[in-house]
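Reading through the structure tokens given below for one structure.
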Amino acid sequence: MTDGSNVAASADVVVVGAGLSGLTAAHRLARLGRSVVVLEAGDRVGGRTVNLDVADGVVTDGGGQWIGGLHTRVSALVEELGLSTYDTYTTGRTLYMRRGRRKAFQGTVPPLRPLAIADFAQAQYRLERMAAGVPAATPWTARKAAAWDGTTLGHWLDAHCRVRESRHLFTLCFTLMFCEDPHRVSLLKALHQIRTSGGIDFMVNTRKGAQETRITGGAQRLSTVLAEGLGDRVVLGSPVTGIEQDRAGVLVRSARRDVRCQRVIVAMTPADADRISFSPGLPTRRAALQRVWHNGTESKIFAVYDTPFWRERGLNGSALTDLPVAHYVVDNSPPDGSVGILLAFVGTAGSGPGLTWTDAVLDRPEARQAALLEDLVTLFGPEAARPVRVVEQSWVGQPWIAGCVSTRAPGVMTRYTDAVTTPVDRIHWAGTEAAPEFEGYLEGAVRAAERAVDEVRTTLSATAPRATGTATAAA
Ligand SMILES: Cc1cc2nc3c(=O)[nH]c(=O)nc-3n(C[C@H](O)[C@H](O)[C@H](O)COP(=O)(O)OP(=O)(O)OC[C@H]3O[C@@H](n4cnc5c(N)ncnc54)[C@H](O)[C@@H]3O)c2cc1C
């Protein structure tokens, strides 16, 4: 990786963004013999994956972390890069807490009242049935697309989950999936996500679900290993400010390097791409899409302990609750259990009945951390009050990343249709949001990269591969 001062260069393809998607695209292009330069705004690779050193070399995932059995492309990449996975810790019982009553249960079905279980199952059945009618590649053509895109998942749950407890649980599960209040997520988007991400059971479950395994050494390893392979073709600390197309090709302007190329892959959320100036300007549909794009607002907070003490009590560290801060908790300890780590998701998406946040909790780390520990004591006992450290990874207010995973407000899918993926002349779009399936997941980041590379390789196939070079007349 390089961080030299601004120079002019040339390559077949410039990839903008060194998250998992951009680096996978660059890796694949390099394997095809194409010259490639990756320009990254931040001072590290990995984007929405980040390894946090929480206890003297013990790493935990501050961003994306889980992969599941249907995530075949990212699993293939793990293998290709010589990395490995380990099972998410599930031995023991999960806690379920509602209205002050704490229960421990085994398996995947929380101990809801029978009426709530029936209500939950019926809502799940209806959602899955509706999702089956959403075309995976063109969701905006679904028979009821306009109606479904005119409302939100949250409002649908309010109207169709009759039992408050099942409504609460659904709202909680979907808040975690979209990292956003379901009342801000288009119903059409939710149905499309269900259709293209393996169904609700797969999406919410750990065993046989999307949360089954984690990457040894942390999910950011995928990106650091890819970047090591690419070497000085990855330029850090070099935000792309402009992409200028002319008849001969493209000039990508960035803080440290201006690069002339044949094709560009922009690998980030549309909201992030909106900071780049395009010449000629983007088609109206794409430009407007970037303007209205919204990423989820959840962040992560970790309580680190000397040991995973809850395991000795037959608990697996997971909890689903209506407590103020720790509404969803999981054991995020390293595979050897050398320290204990409890992870909770925090953010404004938590506001709503039973998930209320005060300004102090939102704005003051010490108040937030104290509130978290209070909840953890309620769940796991007095030992939870004595962490060796509390660590936070905020995804709100990052300089180059618009937030957690993406959602879609009502109206976006039907109005902007395929603008997320349609190339604009020599510009191709990657990033998990441009994935044909598993959007929002690590899997989606890899699939979107592979799709963009397929587009680029077809257009480049007529020209012979070039070596990356310093251009004499680049600008
Ligand atoms: C808290 C959290 C939990 C998650 N949990 C999971 C999970 O358990 N499982 C799962 O599968 N997925 C999960 N995800 C989602 C997963 O992390 C993402 O889908 C994936 O990392 C996205 O990768 P990407 O390359 O598409 O985008 P990003 O990682 O966002 O990469 C985009 C890159 O572009 C760079 N950039 C932005 N603007 C510019 C510019 N102007 N010039 C140059 N570079 C620029 C950014 O700095 C960034 O590095 C989670 C995400 C978060 C935040």
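As the structure is a prediction and not an experimental result, all values here were calculated from the model. Every number for a ligand or one of its atoms is a count from 1 in the order of the listing.
Of all protein heavy atoms, the one lying nearest to atom 53 (C) of ligand 1 is Cys404 SG, 3.5 Å. Nearest protein neighbour of atom 11 (O) of ligand 1, counting heavy atoms only, is Leu442 N, 2.7 Å. Annotation: atom 46 (C) of ligand 1 to nearest protein heavy atom, Glu40 OE2, 3.5 Å. Ranking protein heavy atoms by distance to atom 42 (N) of ligand 1, first place goes to Val240 N, 2.9 Å. The nearest protein atom to atom 32 (C) of ligand 1, hydrogens excluded, is given as Ala267 O, 3.4 Å; this is a heavy-atom distance. Nearest non-hydrogen protein atom to atom 25 (O) of ligand 1 is Ser21 N, 2.9 Å. Of the protein's non-hydrogen atoms, Arg48 NE, 3.6 Å is the one closest to atom 28 (P) of ligand 1.
Taking any N or O of Glu298, backbone or side chain, none lies under 3.5 Å from an N or O belonging to ligand 1. The shortest N or O to N or O distance between Phe345 and ligand 1 is not below 3.5 Å. At least one N or O atom of Thr432 sits closer than 3.5 Å to an N or O atom of ligand 1. Between Ile401 and ligand 1, not a single N/O pair is under 3.5 Å apart. At under 3.5 Å, not a single nitrogen or oxygen of Val16, backbone or side chain, sits near a nitrogen or oxygen of ligand 1. The shortest N or O to N or O distance between Gln65 and ligand 1 is under 3.5 Å. The shortest N/O to N/O separation between Trp395 and ligand 1 does not fall below 3.5 Å.
Of the heavy atoms in Trp400, both backbone and side-chain atoms come closer than 4.0 Å to ligand 1.
No hydrogens or angles considered: nothing links the side chains of Thr94 and Ser318 as a donor-acceptor pair under 3.5 Å. Judged purely by distance below 3.5 Å, without hydrogens or angles, the side chains of Thr90 and Asn316 never pair a donor atom with an acceptor atom. Using modelled atom types and a 3.5 Å distance limit, the side chains of Asp418 and Thr421 yield no donor-acceptor pair. His192 and Glu439 form no side-chain donor-acceptor contact under 3.5 Å, judged by distance and modelled atom types alone. For the residue pair Gln124 / Asp201, a side-chain donor-acceptor distance below 3.5 Å is found, with atom types taken as modelled. Asp331 and Trp310 form a side-chain donor-acceptor contact under 3.5 Å, judged by distance and modelled atom types alone.
Side-chain contact check for Glu180 versus Arg408: every heavy-atom pair is 4.5 Å or farther apart. The closest side-chain heavy-atom distance from Cys261 to Val13 is not below 4.5 Å.
Residue-ligand proximity, Gly17 to ligand 1, at heavy-atom distances under 4.0 Å covers atoms 33 (C), 34 (O), 35 (C), 44 (N). Taking every heavy atom of Arg275 and a limit of under 4.0 angstrom, the matching atoms of ligand 1 come to 38 (N). Close approach of ligand 1 to Pro239 is summarised as follows: ligand atoms under 4.0 Å from at least one heavy atom of the residue are 42 (N). Near Leu39, meaning under 4.0 Å from any of its heavy atoms, are these atoms of ligand 1: 43 (C), 44 (N). Near Trp66, with a cut-off below 4.0 Å to any heavy atom, the atoms of ligand 1 are 7 (C), 8 (O), 9 (N), 10 (C), 11 (O). Ligand-side atoms of ligand 1 in range of Gly440: 12 (N), 14 (N), 15 (C), 16 (C), 18 (C), 19 (O), range being under 4.0 angstrom from any heavy atom. Of all atoms in ligand 1, listed by their number and element, those nearer than 4.0 Å to a heavy atom of Ala41 are 39 (C), 40 (C), 42 (N), 43 (C), 44 (N), 45 (C). Each of the following atoms of ligand 1 lies closer than 4.0 Å to a heavy atom of Gly19: 25 (O), 29 (O), 31 (O), 33 (C), 49 (O).
Ligand 1 is approached by Val405 to a heavy-atom distance shorter than 4.0 Å.
Of the candidates Glu80, Glu450, Glu79, Glu437, Arg73 forms a salt bridge (charged side-chain N to carboxylate O under 4.0 Å, His left out) with just one, namely Glu450.
Phe174 and Phe170 have parallel rings, their planes meeting at less than 30° on a 0 to 90° scale where 60° marks the start of perpendicular.
Between Arg451 and Glu455 there is a salt bridge, with a side-chain nitrogen of the basic residue lying less than 4.0 Å from a carboxylate oxygen of the acidic one.
Around atom 36 (N) of ligand 1, the closest heavy atom drawn from Arg214, Gln220, Met268 belongs to Met268. Of the candidates Ser254, Ala445, Ala448, it is Ala445 that places a heavy atom closest to atom 23 (O) of ligand 1. Evaluated by nearest non-hydrogen atom to atom 51 (C) of ligand 1, the leading choice among Ala449, Gly22, Gly64, Ala18 is Gly64.
When atom types are taken as modelled, the side chain of Thr138 and the backbone of Pro135 share no donor-acceptor pair closer than 3.5 angstrom.
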Between Asn332 and Thr60, does the side chain to side chain donor-acceptor pair (under 3.5 Å) criterion hold? Intermediate values first, please. CA-CA 7 Å; Asn332 235 46; Thr60 204; 3.0 Å; yes

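Evaluation of the ring pair (Phe, Tyr, Trp, His ring centres under 6.0 Å) rule for Phe202 yields His71 as partners, not counting sequence neighbours. Legend: residues meeting side-chain contact (heavy atoms from CB on, under 4.5 Å) with Asn51, ordered by chain and number and at least two apart, are Val59, Asp61, Gln220, Arg221.
Between the OG1 atom of Thr284 and the CG atom of Leu289 there is a distance of 12.0 Å, given to the nearest 0.5 Å.
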